[in-house]
Amino acid sequence: MQTHTRILHLSIFAAISVGILSLSFATVTFAQNPAPPPTAPPPAQTPAVDDDTDITPTDRLHHSVAQNTQEAWDMLTNAANDPKHADVRIQALAALGTLGVNPQAEPLIVAAMKDPDVDVRTASVLAAGQTKNRNLTTNLRNMLDDKEPQVAFASATTLWKMNDRSGEDILIAVVDGDRKATAGLKDSTMHTMNKDLHSPSTLARIGALQAGSMLLGPFGIGIGAYEYMHKNGGNSARVTAIEQISEEKTDPIRANLLSALGDKDPAVRAAAAKALGTNYHDKDVSNALLPVFDDTKKPVRLTAAAAYINSTTPAPRVRSTPRNNSRHTPLQ
C-alpha cells in the first residue's frame, strides 16, 4: 500500500514538473514570438485610379481598325457611365473633350451634366468647352442655373470663351464678391444666384480652381488633379512643354512624342498620346497608341483610346481664306 502511494505521489510530482517546464518553455517562446495584436478591421478602401496592375497585354496590331476603334469607344463609354467612381467619370470626360465635334462623344458629355457629383458636372462643362462644339451651347446655358456655384461659374467662363455672354451676370457676381451684384446688367439674363456665390470660402475654391487653370487633364479636375499628378511623380512642366512643342508638327517632335509614350511619368504618357492623336493621322501613330490601351493607369488608357479614335479619323479640312490681292491689282 505504501509502495502504491509512493508511486502515485511520484507520478503527481512528475506531472506537475512537466507542466511547469512546459509553461516555462511557452513563456519563453511567447516572449520571443509574441502573438500579433488583434487584427483591426481594414479601413474602407477608395479605389485608386492607378491600381490596375493585373492587365494582360493584348496584341491589337492584328485586329482591324474597326475592332480597335470599337474597343476604344467601349473603354470611354464604360468609364463615363461608371456607377461608383466619380474620378473615373471625370477622366472619361477629359478624354471625350479631346475628340472635338464628335456625334458619339456629344451625348456622353451631355448626360454627365446631370451627374449628382459636382466635380463631374464641372468636368462635363469643361469638356463641352474643350470640344468647341457649338451644338452644346444650349446645354451649357442650362448649366448656368446649377445649384452649385462652381458649376455655374465654370459654365459662365466656358461660354464666355465661346463668345457667348449668357453668363455675364454670374461673372459680375463673382467680381463683386459679397457686394450686391445687380447693377449694370441691363442686357444680361439674371440667373438663379446661389448665395454661396458670394461666400468667401466658395470664392476661394473658385479661385483655387482657376489658379489650377480649372484642370481637365487626364487625372481629374482642379487642384485635386494637380496634387494627384505630383503624388504619382507627375511633372506638370513637362506636360506643358509637350503641349507647346506639339504645335510644331515636325519629324523630330513627332519622334519625341512617340518616345514619350513609354515615359515613366504617367502624365507625360497621357500628354504625348493626346498630342499624337490630335496632330497626326497616320498608321504609324495609331499603331503606336495601341499598346497604351494596356497602360497600368486608367487615365492614360482613356486618353490613348480617345487619341486612337482621333488618329484614325481623317483630319478635318481647314477651309482656306481667299487671299485678297486687291492692293496689288493694277489699275484698269
Side-chain angles (χ1 to χ4, degrees), residues 47-80 82 85 87-100 102 104-105 108 217-220 225 228-229 232-236 238-239 241-243 245-246 249-315:
V49 295
D50 59 345
D51 60 354
D52 302 317
T53 57
D54 57 347
I55 293 177
T56 303
T58 301
D59 179 12
R60 298 177 179 85
L61 291 176
H62 296 93
H63 295 175
S64 67
V65 172
Q67 287 175 307
N68 291 326
T69 300
Q70 184 59 54
E71 181 182 359
W73 274 116
D74 288 344
M75 290 168 60
L76 293 168
T77 302
N78 291 338
D82 188 301
H85 309 110
D87 58 339
V88 172
R89 299 198 296 276
I90 289 171
Q91 292 153 20
L93 289 164
L96 291 168
T98 67
L99 292 173
N102 186 295
Q104 204 163 338
L108 294 171
F219 293 91
Y228 176 86
M229 285 173 58
N232 285 270
N235 189 319
S236 57
R238 296 180 66 204
V239 172
I242 286 178
E243 293 173 348
I245 67 170
S246 65
K249 301 176 185 178
T250 64
D251 287 341
I253 288 177
R254 181 177 183 273
N256 270 312
L257 293 175
L258 287 169
S259 177
L261 290 176
D263 197 273
K264 64 180 181 180
D265 185 336
V268 169
R269 298 198 298 273
K274 175 185 173 183
L276 287 166
T278 301
N279 296 311
Y280 301 95
H281 302 266
D282 61 79
K283 187 175 181 179
D284 288 343
V285 165
S286 59
N287 284 347
L289 289 167
L290 289 174
V292 193
F293 281 25
D294 297 320
D295 196 281
T296 58
K297 312 289 185 184
K298 185 181 289 289
V300 181
R301 297 201 301 274
L302 294 173
T303 304
Y308 182 84
I309 293 169
N310 274 333
S311 69
T312 53
T313 302

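By convention here, the first residue in the shown sequence is residue 1.
With a 4.5 Å cut-off on side-chain heavy atoms, S286 and V65 do not count as touching. A heavy-atom distance below 4.5 Å is not found between the side chains of N68 and T312. Looking at T58 and H63, their side chains come closer than 4.5 Å, going by heavy atoms from C-beta outward. Side-chain contact check for I309 versus Q104: every heavy-atom pair is 4.5 Å or farther apart.
Taking both residues in full, the closest heavy atoms of A306 and T98 are given as CB-OG1, 3.6 Å, listed atom of the first, atom of the second, then distance. Nearest heavy-atom pair, D265 versus R238, reported as atom, atom and distance to 0.1 Å: CB-NH1, 3.8 Å. In this structure, A288 and L258 approach most closely via the heavy-atom pair CB-CD2, 3.6 Å. The two atoms that bring K297 and P266 nearest to each other are CG-CB, 3.7 Å, heavy atoms only. Closest of all the heavy-atom pairs between F293 and A304 is CE1-O, 3.7 Å. I253 and I245 make their closest contact through CD1-O, 3.3 Å (heavy atoms, listed as atom of the first residue, atom of the second, distance).
T303 contributes a side-chain N or O that, together with a main-chain N or O of P299, makes up a donor-acceptor pair within less than 3.5 Å. Remark: side-chain polar atoms of Q91 are paired, donor with acceptor, to backbone N or O of D87 under 3.5 angstrom.
Once rounded to the nearest 0.5 Å, the distance linking CG of L302 with CD1 of I90 reads 12.5 Å. A distance of 8.0 Å separates CG in N310 from CG in N102, rounded to the nearest 0.5 Å. Atom CG of D284 and atom CG of L289 lie 11.0 Å apart (nearest 0.5 Å). Between T77 atom OG1 and L108 atom CG the span is 5.0 Å, to the nearest 0.5 Å.
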Verdict with supporting geometry, I55 and T296, side-chain contact (heavy atoms from CB on, under 4.5 Å): CA-CA 7 Å; I55 293 177; T296 58; 5.8 Å; no
Could you go through residues 269-280 and list every donor-acceptor pair under 3.5 Å that involves a side-chain atom there, pairing it with any protein atom two or more places apart or in another chain?
{"from": "R269", "atom 1": "NE", "to": "D295", "atom 2": "OD2", "distance (Å)": "2.7"}
{"from": "R269", "atom 1": "NH1", "to": "D263", "atom 2": "O", "distance (Å)": "2.8"}
{"from": "R269", "atom 1": "NH1", "to": "K264", "atom 2": "O", "distance (Å)": "3.3"}
{"from": "R269", "atom 1": "NH2", "to": "D295", "atom 2": "OD1", "distance (Å)": "2.9"}
{"from": "R269", "atom 1": "NH2", "to": "D295", "atom 2": "OD2", "distance (Å)": "3.3"}
{"from": "T278", "atom 1": "OG1", "to": "K274", "atom 2": "O", "distance (Å)": "2.8"}
{"from": "N279", "atom 1": "ND2", "to": "S246", "atom 2": "O", "distance (Å)": "3.3"}
{"from": "N279", "atom 1": "ND2", "to": "A275", "atom 2": "O", "distance (Å)": "3.0"}

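Between D294 and R60 there is a salt bridge, since a side-chain N of the basic residue sits under 4.0 Å from a carboxylate O of the acidic one.
With sequence neighbours left out, the side-chain hydrogen bond (donor to acceptor under 3.5 Å, both in side chains) criterion links D282 to R254. Every side-chain hydrogen bond (donor to acceptor under 3.5 Å, both in side chains) that D59 has, sequence neighbours left out, goes to H62.
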